[in-house]
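Read the structure below first, then the notes.
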Amino acid sequence: MNEAAPHLFRLLFGTVALLTFATLVARGLRARAGPGRSHTGIENLNARIDAWWGMAALLGLAFLAGKGGVILLFAFISFAALREFLTLTTKRAADHWALFAAFFLVLPVQFWLVWDEWYGFYSIFIPVYAVLLLPVVSVLGGDTRDAFIRIAETQWALMICVYCVSHVPALLTLRIEGFEGREVLLIAWLVIVVQMSDVLQYTCGKLVGKTRIAPRVSPSKTWEGMIGGIALATALGAALFWITPFSPVQAAGMALAITLMGFFGGLVLSAVKRDRGIKDWGHLIAGHGGFIDRMDSVVFAAPIFFHLTRYFWSTV
């Protein structure tokens with residue numbers, strides 16, 4: 001990944017500069033509030049920025065460590081997300097071995113297949129083999145109570161938390177003419193565009209949002225926020241075309257596709273959270289909830305981005 005190093009250092013420098021500015025603003029707002037005075041919004045902002053420092057550091061170290069570091073990082077994220085998801089599902093004693101297999105067989109095999117660049121297998125391993133065989137393991141336990149719900153929830157958890165997440169490091173396996181050795185930049189571009197889309201949608205919604213899209217699912221999401229945030233993130237994706245194999249117009253089109261999928265991902269998983277009566281998927285990331293809370297947009301966008309890039313640009 002030596003070819004990608006100069007671009008990565010520029011991105012890391014820009015990220016550090018942006019986070020430094022955000023930290024100074026957040027700390028200034030806290031100081032302005034005065035000692036001994038607590039403001040929930042300001043404290044939440046500071047907690048989120050502090051968490052972003054940690055997440056940016058982890059991503060930066062993984063990128064610099066190369067293929068192995070990136071795959072290990074997303075395998076860990078996948079494990080944590082799967083744990084968060086399955087903790088909220090309906091399970092019985094008969095599901096013990098199926099859950100064990102999900103965590104300690106299916107997940108590591110999926111990421112090993114990505115490491116081995118075995119596209120023909122990692123693209124079908126979970127949606128075909130795991131989805132069909134894990135229910136057999138549960139059913140052999142002999143407990144039929146809530147069988148349909150238990151099976152479906154485990155299958156959905158594997159698709160969201162393992163299959164979709166694995167498509168982020170799978171971008172390293174693509175072979176694009178003239179872009180050799182810089183595949184890690186595709187991951188950087190995907191994460192930056194999708195995550196900034198979330199931030200910009202939230203900001204636009206707070207500033208001008210009036211018309212709610214699905215108030216019973218996610219009251220904070222508005223048409224104005226969605227359109228404004230996605231438009232700005234699309235422009236950002238086009239501006240960052242220089243770290244991708246895309247032209248500015250192509251980068252804008254890809255950014256539009258992944259930010260739309262990211263929005264839908266957040267909406268779908270918000271509906272799941274409301275069904276379960278929770279605000280966040282977990283509490284491992286201060287100010288951000290759980291890993292799924294941070295990855296909900298990326299998990300829906302990653303497979304679409306991977307397959308569009310593979311179909312139109314990859315030579316393999």
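Throughout, numbering of the chain's residues begins at 1 and tracks the sequence. Note: hydrogens, waters and symmetry copies are ignored here, and every other heavy atom, side chains too, is used.
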Are the side chain of [X] and the backbone N or O of [Y] linked by a donor-acceptor pair below 3.5 Å?
X: Tyr163; Y: Ser123; value: yes
X: Gln155; Y: Val131; value: yes
X: Ser247; Y: Gln250; value: yes
X: Ser197; Y: Val193; value: no
X: Arg274; Y: Val217; value: yes
X: Glu224; Y: Cys204; value: no
X: Thr89; Y: Leu86; value: yes
X: Ser314; Y: Ile176; value: no
X: Lys221; Y: Met226; value: no
X: Gln201; Y: Val199; value: no

Practice item. Measure the acute angle between the ring planes of Phe246 and Trp189, then classify it against the limits of 30° and 60° as parallel, tilted or perpendicular. Key: perpendicular

Practice item. Measure up the Phe100 and Phe104 rings against each other and bin them: parallel (under 30°), tilted (30 to 60°), perpendicular (over 60°). Key: tilted

Side-chain heavy-atom pair [X], [Y] within 4.5 angstrom cut-off:
X: Leu64; Y: Phe9; result: yes
X: Ser218; Y: Leu267; result: yes
X: Val106; Y: Tyr129; result: no
X: Ile126; Y: Met159; result: yes
X: Leu59; Y: Phe63; result: yes
X: Ile151; Y: Val139; result: yes

Point to revise | Hydrophobic cluster membership, Phe13 vs Leu58, 4.5 Å side-chain cutoff | key: no

Exercise for review: Treat each ILVMFWY residue as a node, draw an edge where side-chain heavy atoms are under 4.5 Å apart, and state whether Leu133 and Ile124 are in one component.
Suggested key: no

Check your understanding: Quick one: ring-ring contact (aromatic ring centres under 6.0 Å, His included) pairs with a partner in residues 219-243, sequence neighbours left out?
Key -> His7-Trp242

**Study point:** Check against side-chain contact (heavy atoms from CB on, under 4.5 Å), Asp95 and Arg92
**Key:** CA-CA 6 Å; Asp95 300 311; Arg92 300 183 65 79; 4.1 Å; yes

Work out which heavy atom in [X] is nearest to a heavy atom in [Y]; give both atom names and the distance.
X: Arg150; Y: Asp143; value: NH1-O, 3.0 Å
X: Cys164; Y: Ile160; value: CB-O, 3.4 Å
X: Gly265; Y: Phe300; value: CA-CG, 3.3 Å
X: Leu308; Y: Met254; value: CB-CE, 3.8 Å
X: Leu186; Y: Pro245; value: CD2-CD, 3.6 Å
X: Val168; Y: Ala302; value: CG2-CB, 3.7 Å

**Study point:** Residues Thr244, Leu185; criterion side-chain contact (heavy atoms from CB on, under 4.5 Å); working and verdict
**Key:** CA-CA 7 Å; Thr244 73; Leu185 295 173; over 6 Å; no

Review point. Among side-chain atoms of Trp53 and Thr23, is any donor-acceptor pair under 3.5 angstrom?
Key: yes

Check your understanding: Would you say the side chains of Ser297 and Gln195 form a donor-acceptor pair under 3.5 Å?
Key -> no

Practice item. Give a yes or no on whether Glu180 atom CD has more than 12 heavy-atom contacts from other residues, nucleotides or ligands under 6.0 Å away. Key: yes

Check your understanding: Does atom OH of Tyr202 have more than 12 heavy-atom neighbours from other groups under 6.0 Å away?
Key -> no

Exercise for review: Could you check Tyr119 against Tyr122 for ring-ring contact (aromatic ring centres under 6.0 Å, His included), going step by step and ending with a plain yes or no?
Suggested key: CA-CA 5 Å; Tyr119 170 78; Tyr122 73 66; 5.7 Å; yes

